[in-house]
**Q** 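Below: one structure in structure tokens.
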Amino acid sequence: TYRLVQAVAGKNPDFKIPKILAKQHESGKPFVFNFVELAIKGPVAHITVNRPEAMNALNETVITQLGRRFATAEKNDAVKAIVFEGAGKAFVAGADIRYFIDNIKAKKISDIYNFTQKGHELLLNIENSKKLTIALLDGLSLGGGSELALACQVIVGTPDASMAFPETGIGIFPGLGGMLRMARHIGTALAKYYVFTGATIRAKDAQELGIITALVEPSEIQATISKLIVKGKTDKYAARTIPARFEQLSRMCSNDNVPPLLAGKIPAGIDPQLAAKTTRQLAVKAPVALRIANEIIDQQEGKSIPEAVEIELGRLHEIFSTADALAGLSSGGRPPKYKGE
């Protein structure tokens with residue numbers, strides 16, 4: 001950038017090289033952009049991912065800055081709760097897909113592994129924090145964003161909130177604990193349904209499923225956070241009764257129905273319209289991603305969360321080495337042509 005501006009300045013005497021650019025050039029270091037902000041207001045620390053032009057997508061810089069801001073807030077004795085939120089219309093719209101594509105093409109899958117491992121460490125710290133950690137969902141959250149929210153001890157949502165796991169549609173699986181935390185919230189079968197299909201979980205549904213702790217209007221957010229601080233921590237994975245209207249979705253991905261479903265066949269004993277719709281949804285997903293996600297969720301059942309994380313990480317090199325992963329991540333919204341390899 002400096003050389004380009006220098007060339008322009010050389011042809012235009014009235015044009016001066018900006019001092020900030022000249023100074024940065026002299027330092028020999030790149031600019032450091034702040035994508036994560038920390039604001040402490042009384043007993044509440046607000047950590048905001050401020051990258052709205054990319055829908056607050058996670059990359060190495062964002063994860064590093066999230067970790068630093070979180071560590072600062074956690075060390076502050078005056079802070080009782082740490083609230084994670086996103087700037088603009090989204091909470092966090094997953095991981096930065098370009099980062100994955102670039103590293104696959106450069107044959108640096110180990111970098112993707114290290115990035116994901118670092119993300120897991122952060123999310124485990126958030127989940128196990130001595131402070132009350134709260135995800136504020138006031139808009140879209142996808143993939144890694146939904147996984148960040150699930151790692152928090154409490155989720156506060158507004159009517160505009162939503163969650164989804166679109167990864168199997170782009171050749172990979174949810175890699176930051178979304179599968180294991182969803183299964184602990186709503187059971188293995190229903191978790192498989194949302195992971196396989198990528199179906200959107202609306203705010204009201206998430207509340208009824210016990211994923212969202214409090215569903216409130218935007219004007220009620222601060223008062224709700226204050227009440228949650230007074231209430232203190234609870235077991236977010238406490239046993240619950242899943243509403244009857246989700247029963248068919250759960251049965252769709254029961255142990256008996258998953259094999260025919262992944263083979264492209266309509267499972268028996270399910271509402272015909274729902275079964276046909278789900279089969280069509282899975283037909284455009286990456287077969288390898290569906291198979292590995294199914295295996296991971298089964299293997300994670302009954303394991304501790306750290307053990308379950310290691311199971312996910314253990315399949316990371318495998319999934320990102322597939323032709324389907326590169327095809328899906330590079331599709332740019334067009335239906336990818338998956339080969340199943």
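Note: hydrogens, waters and symmetry copies are ignored here, and every other heavy atom, side chains too, is used.
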**Q** Do you reckon Leu137 sits in the same ILVMFWY cluster as Val36, going by side-chain contacts under 4.5 Å, direct or chained?
**A** yes
**Q** For Ala57, does its backbone N or O pair with a side-chain atom of Arg51 as donor and acceptor, under 3.5 Å?
**A** yes
**Q** Strictly below 4.0 Å, N to O, side chains only: are Arg315 and Glu295 in salt-bridge contact?
**A** yes
**Q** Any carboxylate oxygen within less than 4.0 angstrom of a Lys/Arg side-chain nitrogen, looking at Asp205 and Arg245?
**A** yes
**Q** Heavy atoms, side chains only, cut-off 4.5 Å: are Leu66 and Leu58 in contact?
**A** yes
**Q** Any side-chain to backbone donor/acceptor pair from Lys285 onto Gln281? Under 3.5 Å, distance only.
**A** no
**Q** Between Glu85 and Leu136, is there a donor-acceptor pair closer than 3.5 Å when you use the side chain of the first and the backbone of the second?
**A** no
**Q** Begin with the C-alpha distance, continue with both residues' side-chain angles, and end with the deciding distance and a verdict on side chain to side chain contact (heavy atoms under 4.5 Å, CB included) for His185 and Leu190.
**A** CA-CA 10 Å; His185 269 297; Leu190 195 52; over 6 Å; no
**Q** Taking Glu60 first and then Lys118, would you say they form a salt bridge - that is, a charged N and a carboxylate O separated by under 4.0 Å?
**A** no
**Q** Does CG belonging to Asp235 count more than 12 external heavy atoms closer than 6.0 Å?
**A** yes
**Q** Determine, using the 4.5 Å side-chain heavy-atom cutoff (strictly less than), whether Ile221 and Ile82 are members of one ILVMFWY cluster.
**A** no
**Q** If you count every heavy atom of other residues, nucleotides or ligands that lies below 6.0 Å from Lys233 atom NZ, does the total exceed 12?
**A** yes
**Q** So Ile17 and His25, do their side chains get closer than 4.5 Å, heavy atoms only?
**A** no
**Q** Hey, does Phe100 have a side-chain heavy atom less than 4.5 Å from the side chain of Ile112?
**A** yes
**Q** Which heavy-atom pair separates Val49 from Asn56 by the least distance, and what is that distance?
**A** O-OD1, 3.0 Å
**Q** Is there a donor-acceptor pair closer than 3.5 Å between any side-chain N or O of His46 and the backbone N or O of Glu37?
**A** no
**Q** What's the spacing between Asn257 CG and Ile270 CD1 if we round to 0.5 Å?
**A** 5.0 Å
**Q** Please determine whether the number of non-hydrogen atoms from other residues, nucleotides or ligands lying under 6.0 Å from atom CZ of Arg184 exceeds 12.
**A** yes
**Q** Is there a donor-acceptor pair under 3.5 Å between the side chain of Thr72 and the backbone N or O of Arg68?
**A** yes
**Q** Give the C-alpha distance, both sets of side-chain angles, the deciding distance and a yes or no for side chain to side chain contact (heavy atoms under 4.5 Å, CB included) between Val258 and Cys253.
**A** CA-CA 5 Å; Val258 164; Cys253 292; 4.1 Å; yes
**Q** Can you check whether Asn34 reaches Arg69 side chain to side chain, under 4.5 Å on heavy atoms?
**A** yes
**Q** Counting heavy atoms not belonging to Glu301, are there more than 12 under 6.0 Å from its CD?
**A** no
**Q** Just wondering, do Val195 and Met182 contact through their side chains at under 4.5 Å, heavy atoms?
**A** no
**Q** Can you tell me if Lys80 uses its side chain to pair, donor with acceptor, with the backbone of Val230 under 3.5 Å?
**A** no
**Q** Taking atom OG1 of Thr133 and atom CZ of Phe84, what is their separation to the nearest 0.5 Å?
**A** 6.5 Å
**Q** For Ile172 and Phe320, run side chain to side chain contact (heavy atoms under 4.5 Å, CB included): C-alpha distance rounded to whole Å, both residues' side-chain angles, the deciding distance at 0.1 Å, then the answer.
**A** CA-CA 7 Å; Ile172 56 177; Phe320 279 100; 3.8 Å; yes
**Q** Counting distance only, does the side-chain N/O of Lys131 pair as donor-acceptor with the main-chain N or O of Asn76 below 3.5 Å?
**A** yes
**Q** Could you check if a side-chain atom of Leu150 sits within less than 4.5 angstrom of a side-chain atom of Met163, using non-hydrogen atoms only?
**A** yes
**Q** Donor-acceptor pair, distance only, cut-off 3.5 Å: does the side chain of Thr48 make one with the backbone of Asn50?
**A** no
**Q** Can you tell me how far apart CG (Leu123) and CD (Glu121) are? Round to the nearest 0.5 Å.
**A** 11.0 Å
**Q** Is it true that Leu261 and Tyr338 fall in one hydrophobic cluster, defined by side-chain heavy atoms closer than 4.5 Å?
**A** no
**Q** Should Met252 and Pro267 count as side-chain neighbours, where that means a heavy-atom distance under 4.5 Å?
**A** yes
**Q** Does any part of the side chain of Ile47, heavy atoms only, come nearer than 4.5 Å to the side chain of Phe70, both counted from C-beta?
**A** yes
**Q** Give me the atom names and distance for the closest heavy-atom approach of Cys152 to Ile134.
**A** SG-C, 3.9 Å
**Q** Can you tell me how far apart CG (Leu290) and CZ (Phe173) are? Round to the nearest 0.5 Å.
**A** 12.5 Å
**Q** Please answer: with hydrophobic residues joined when any side-chain heavy atoms are less than 4.5 Å apart, are Ile211 and Leu176 in the same cluster?
**A** yes
**Q** Classify the ring geometry between Phe115 and Tyr99 as parallel (under 30°), tilted (30 to 60°) or perpendicular (over 60°).
**A** tilted
**Q** So which atom in Thr116 and which in Gly175 form the shortest heavy-atom distance, rounded to 0.1 Å?
**A** CG2-O, 3.3 Å
**Q** With rounding to the nearest 0.5 angstrom, report the CD to CG distance, Glu247 to Leu249.
**A** 10.0 Å
**Q** Keeping Gln153 on the side-chain end and Lys236 on the backbone end, is there a donor-acceptor pair under 3.5 Å?
**A** no
**Q** Hey, is the main chain of Thr200 close enough, under 3.5 Å, to the side chain of Arg202 for a donor-acceptor pair?
**A** no
**Q** Between Tyr237 and Phe246, is there a shared hydrophobic cluster once you connect ILVMFWY residues whose side-chain heavy atoms come closer than 4.5 Å?
**A** yes
**Q** In plain terms, say whether Lys192 and Asp298 are close enough for a salt bridge, that is, a side-chain N and a carboxylate O under 4.0 Å apart.
**A** yes
**Q** Go through it in stages, so that I can follow the logic: the residues are Asp324 and Lys339, the test is side chain to side chain contact (heavy atoms under 4.5 Å, CB included), and I'd like the CA-CA distance, side-chain angles, deciding distance and then a yes or no.
**A** CA-CA 6 Å; Asp324 280 1; Lys339 299 179 180 179; 4.1 Å; yes
**Q** Which distance, rounded to the nearest 0.5 Å, do you find between the CD of Glu310 and the CD1 of Ile305?
**A** 13.0 Å
**Q** Counting only heavy atoms from other residues, nucleotides and ligands, does the tally under 6.0 Å from NZ of Lys265 exceed 12?
**A** no
**Q** With a 6.0 Å cut-off (strictly less than), is the heavy-atom count around CD of Glu53, excluding the residue itself, greater than 12?
**A** yes
